[in-house]
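The chains referred to below are lettered A, B, ... by the order of the sequence lines, with proteins before strands, and numbering in each begins at 1.
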There are 2 protein chains.
Amino acid sequence: MAYDVYDSECPARAVLDHVGDKWALLVLNRLGEGPVRFNALRRDINGLSQKVLSQVLKRLERDGLITRTVFPTVPVTVEYALTRMGECLNANVGPLLHWAESNMDQIRAAQSAYDERLSEAA
Amino acid sequence: MAYDVYDSECPARAVLDHVGDKWALLVLNRLGEGPVRFNALRRDINGLSQKVLSQVLKRLERDGLITRTVFPTVPVTVEYALTRMGECLNANVGPLLHWAESNMDQIRAAQSAYDERLSEAA
DNA sequence: TCATCTAGTTACTTTTTGAAACCAACAGAC
DNA sequence: GTCTGTTGGTTTCAAAAAGTAACTAGATGA
């Protein structure tokens with residue numbers, strides 16, 4: 001393996017900086033269902049601001065993970081979609097998000113137990 | 001599905017905030033190879049500061065993803081290891097990091113192409 | 001004429017991050 | 001004895017990032 005995410009100098013780390021980001025994960029996953037327009041992404045992903053969304057989209061486009069298509073409608077509409085490489089990545093992202101959703105009960109139990117142990121110790 | 005990562009009010013989003021973090025991904029993945037001590041993690045994961053590492057470890061421990069074991073040696077040693085749930089999560093994290101490493105060539109090509117298009121347009 | 005839609009950008013504030021110093025407690029070298 | 005290095009952290013402070021809200025343009029509908 002020529003690339004190593006554990007090495008801060010390795011370009012793979014730079015990509016991890018883009019991909020290992022909660023907003024990027026949500027955007028990728030949302031695009032996995034098909035092409036989506038800018039404002040639709042913003043509305044669907046609760047809490048995502050326009051500024052951060054446009055930054056995330058630019059990074060993902062630069063990395064070749066998504067495409068940006070402008071339609072000359074009035075007003076102009078812009079559609080974002082996964083590239084083949086983006087789809088390939090998303091195949092690994094989906095399980096991560098799905099895992100979070102399906103293990104929440106166990107996680108919440110662990111958090112409660114942890115907090116209780118802390119307050120007992122104090 | 002009772003939980004929804006797209007909803008900013010959902011606890012699943014809070015967990016995504018912990019898990020969708022480059023440092024947490026690297027820590028989890030490193031622990032996937034077996035228990036590791038604090039300073040070993042810090043040394044192995046290039047660029048990770050003590051402060052951030054201790055924050056990440058606390059969050060992951062609270063979420064029930066890792067265990068923290070103190071050995072009364074001199075000086076004291078602390079070992080971190082994945083719980084069963086952590087291992088389960090890591091099964092989804094590994095492919096993500098591996099994907100980044102094995103697709104770097106294609107990503108770098110996309111970045112170069114993107115940058116060239118930008119400079120041409122300017 | 002005023003508000004609304006599109007997809008962003010810009011300015012400002014607040015939060016988070018990262019670098020470095022510091023802590024205690026002990027072992028071994030000098 | 002005291003200087004260095006080890007352990008696993010916490011604290012402090014400056015810098016970077018993120019969030020909030022306002023603003024852009026150009027056409028549509030009320």
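Per the geometry, CD belonging to A:Gln55 stands 14 Å off P belonging to D:dT20, to the nearest Å. Rounding to whole angstrom units, NZ of residue A:Lys51 and P of D:dA17 are separated by 11 Å. For the pair A:Leu53 CG and D:dA21 P, the computed distance is 18 Å after rounding to whole Å. Between the CG atom of A:Asp21 and the P atom of C:dT17 there is a distance of 11 Å, given to the nearest Å. Spacing between atom CG of B:Leu48 and atom P of C:dG18 amounts to 8 Å, rounded to whole angstrom units. Here the C1' atom of nucleotide C:dT9 and the CG atom of A:Asn39 are 14 Å apart, to the nearest Å. Atom CD1 in A:Ile66 sits roughly 14 Å away from atom C1' in C:dA7 (whole-Å rounding). The interatomic distance linking B:Arg59 (CZ) with D:dG9 (C1') rounds to 17 Å, in whole Å.
Distances from the side chain of B:Phe38 to the nucleotides D:dT20, C:dT9, D:dG8 place D:dG8 closest. When the nucleotides C:dG8, D:dG9, C:dA11 are ranked by their closest atom to the side chain of B:Tyr80, D:dG9 comes out on top. In the set C:dA7, C:dG18, D:dT10, C:dA7 carries the atom at the smallest distance from any side-chain atom of A:Arg68. For A:Thr77, the listed nucleotide lying nearest its side chain is C:dT6; candidates were D:dG9, D:dA18, C:dT6. Residue B:Arg37 places its side chain closer to D:dT7 than to any other of D:dT7, D:dA27, C:dT17. Picking from C:dG18, C:dT6, D:dT7 the nucleotide with the shortest atom distance to the side chain of A:Pro75 gives C:dT6.
Phosphate contact (OP1/OP2 of C:dA7, side-chain N/O of A:Lys58, threshold under 4.0 Å): absent. Between D:dA18 and A:Trp23, no contact under 4.0 Å exists linking OP1 or OP2 to a side-chain N or O. Residue A:Arg43 places none of its side-chain N or O atoms closer than 4.0 Å to OP1 or OP2 of C:dA7. Residue B:Ser54 places at least one side-chain N or O closer than 4.0 Å to OP1 or OP2 of D:dT10.
In plain terms, the two heavy atoms of B:Ala24 and B:Val56 that are nearest each other are CA-CG1, 3.9 Å.
Looking at A:Arg13, its side chain does come within 3.5 Å of a backbone N or O of A:Val5 through a donor-acceptor pair. Put simply, the side chain of B:Asn90 never gets that close to the backbone of B:Val93: no donor and acceptor are under 3.5 Å apart. Looking at A:Glu101, its side chain never comes within 3.5 Å of a backbone N or O of B:Ala12 through a donor-acceptor pair.
Place A:Gln50 and A:Lys22 on DNA chain D by their nearest nucleotides, and A:Lys22 ends up nearer the 5' end.
A salt bridge links B:Asp115 to A:Arg62: one of the charged nitrogens lies within less than 4.0 Å of a carboxylate oxygen.
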